[in-house]
Each structure stands twice: as C-alpha cells, then as structure tokens.
Amino acid sequence: MWWGSLSGRRAGKWANPRIAARLSIIAVLAALTAGCFRPMYAEQADGSPALRDRLMGVELLPIDKPNGSPDARIGVTLRNALAFKLYGSATGAPPTHQLQIRFTTNRSSLMLDPNTALPSNEQYGINASYQLIEVATGKTVLNATTFSRTSYDIPGQLQRFARARAYRDAEDRAAQQIAENINTRLAAFFYAGT
C-alpha cells in the first residue's frame with residue numbers, strides 16, 4: 001500500500017545521523033542557555049528590591065505646558081498612562097528618583113485628495129525627552145529621548161467631528177506609545193543598570 005511506503009520513508013528521514021546530530025546539538029544548546037534567563041519582574045533572591053519596587057520609587061514631575069492648551073491635555077494623558085504603567089495606580093512608593101518629561105508635537109499631511117487638494121490622511125507625532133534624577137544626590141542618572149508617530153484618516157471634509165475625533169484618538173495613541181517607551185527604558189535601566 002502507498003501509505004506503508006510513505007511511513008517507511010519518513011522513519012528513514014529521522015534516522016539520518018546528520019539530522020539526529022543537529023537535533024541533539026540544538027537540545028544541548030537549549031539546555032545550556034536555559035539557566036541564563038531570569039524574568040524581569042521576579043522577586044530577587046539576594047534580597048535587593050524587585051523591579052516593581054524600584055519603578056514604584058519613580059516620582060513623575062508635572063509636565064510643564066500652559067494650562068488649557070492642547071499640549072496640556074496630552075501631557076496629562078501621557079503622565080496618567082505612565083503612572084498606571086509604573087505603579088498600577090495614581091501614586092507610588094516614597095520617591096527615590098524623579099522623572100522629568102519634556103515633549104513637542106507635530107502634525108503633517110500624508111495624502112492629499114487630488115480633486116480638492118485637501119488632506120485625506122494625516123500623521124501626528126510626539127518627540128519626548130526625559131531625565132531620571134536620583135533624589136538623594138540630585139544627579140541625572142538617565143537622559144534619553146523617544147518618539148511616536150500615529151496616522152489617522154479624514155473621512156471627508158464635511159465630517160468635521162469625525163476628523164476632530166480621529167485627531168484626538170491619534171494624540172491619545174501617541175501619548176500611550178510614549179508612555180510605553182519610557183516605561184520599557186526605565187525597566188531596562190533599573191534591571192540592568194544601564
């Protein structure tokens with residue numbers, strides 16, 4: 001029967017010494033590197049503070065933007081998103097570090113309608129720089145930048161509310177991405193020390 005000869009060929013393929021040697025090398029390498037990995041958010045066995053405890057010691061300084069401006073709303077959104085990622089709530093533990101964030105925003109048209117020469121797709125961006133300052137010494141221990149770009153469609157020039165809502169959603173998505181980038185960089189700093 002045809003399936004009998006097929007199963008014989010498959011068994012012969014796995015019995016090939018080269019394939020068996022490659023599989024055994026892969027298994028040995030996997031076993032050797034298994035002890036190298038350690039979860040970032042796990043409790044430390046040596047008694048040092050866990051990463052979660054270190055992140056809770058970061059105080060978020062207010063973002064300096066004029067009250068009532070569009071950037072002030074984005075600053076509040078960014079600060080709230082970062083507080084939730086760092087603490088899981090609005091406040092953390094007693095501060096060991098302070099985080100100062102500065103950002104600028106930009107908006108550009110990506111596509112123009114050929115009939116009306118009005119934009120049909122736009123991009124919203126945030127460029128942020130941040131400093132992590134150690135409270136005990138007042139020394140800046142981390143100075144970094146990050147950015148986020150989000151695009152949004154404009155459904156038509158007559159739908160002004162849809163355009164305004166799409167723009168606001170793009171602002172919120174960009175602020176969330178900046179918060180995620182900063183949280184990841186702070187976690188790497190506290191985990192690896194660099």
Check against side-chain hydrogen bond (donor to acceptor under 3.5 Å, both in side chains), R102 and N127: CA-CA 8 Å; R102 292 183 187 92; N127 297 321; over 6 Å; no

Quick one: do H97 and V141 satisfy side-chain contact (heavy atoms from CB on, under 4.5 Å)? Show the steps, please. CA-CA 9 Å; H97 294 82; V141 293; 4.1 Å; yes

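Of all the heavy atoms in G125 and R149, the pair that sits closest is CA-NH1, 3.6 Å. The minimum heavy-atom distance linking A187 with L51 is given by the pair O-CD1, 3.7 Å. The two residues A179 and L78 have their closest heavy-atom pair at N-CD1, 3.6 Å. The two residues V58 and F190 come nearest to each other via the heavy atoms CG2-CE1, 3.6 Å. Smallest separation of non-hydrogen atoms from I126 and A174: CD1-CB, 3.7 Å.
The CD1 atom of I154 sits 4.0 Å away from atom CZ of R163, with the distance rounded to the nearest 0.5 Å. In this structure, L55 CG and T96 OG1 are separated by 9.5 Å, a value rounded to the nearest 0.5 Å. L132 contributes atom CG, which lies 10.5 Å from atom CD1 of I101 (distance to the nearest 0.5 angstrom).
Counting non-hydrogen atoms of neighbouring residues, nucleotides and ligands closer than 6.0 angstrom, the CZ atom of F147 reaches no more than 12 such neighbours.
Residues L99 and L186 form a side-chain contact, since some pair of their non-hydrogen atoms from C-beta on lies under 4.5 Å apart. Residues T150 and Q177 form no side-chain contact, since every pair of their non-hydrogen atoms from C-beta on lies 4.5 Å or further apart. Between Q98 and V135 there is a side-chain heavy-atom pair separated by less than 4.5 Å. For the pair Y130/L82, no side-chain contact is recorded, criterion being any heavy-atom separation below 4.5 Å from C-beta on. Side chains of Y152 and R107 form a contact here, defined as non-hydrogen atoms less than 4.5 Å apart. Between F103 and I178, the closest side-chain pair of non-hydrogen atoms is not below 4.5 Å. In this structure, I182 and L86 have side chains that are not in contact, with every pair of non-hydrogen atoms separated by 4.5 Å or more.
Between the side chain of R73 and the backbone N or O of G68, no donor-acceptor pair lies under 3.5 Å. Of the possible donor and acceptor atoms, one in the side chain of R79 sits under 3.5 Å from a partner among the backbone N and O of L60. Listed for the T146 side chain is no donor-acceptor partner under 3.5 Å among the backbone atoms of A128.
By the salt bridge (charged side-chain N to carboxylate O under 4.0 Å, His left out) test, R165 is found to be paired with D169, residues two or more places apart in sequence or in another chain being considered. Considering only residues two or more places apart in sequence or on other chains, E59 meets the salt bridge (charged side-chain N to carboxylate O under 4.0 Å, His left out) condition with none of them.
A salt bridge (Lys or Arg N to Asp or Glu O under 4.0 Å) check over residues 173-185, counting only residues at least two apart or in different chains, returns the pairs K85-E180.
A single hydrophobic cluster is not seen to contain both I63 and I133; linkage of ILVMFWY side chains at heavy-atom distances under 4.5 Å, directly or through other members, places them apart.
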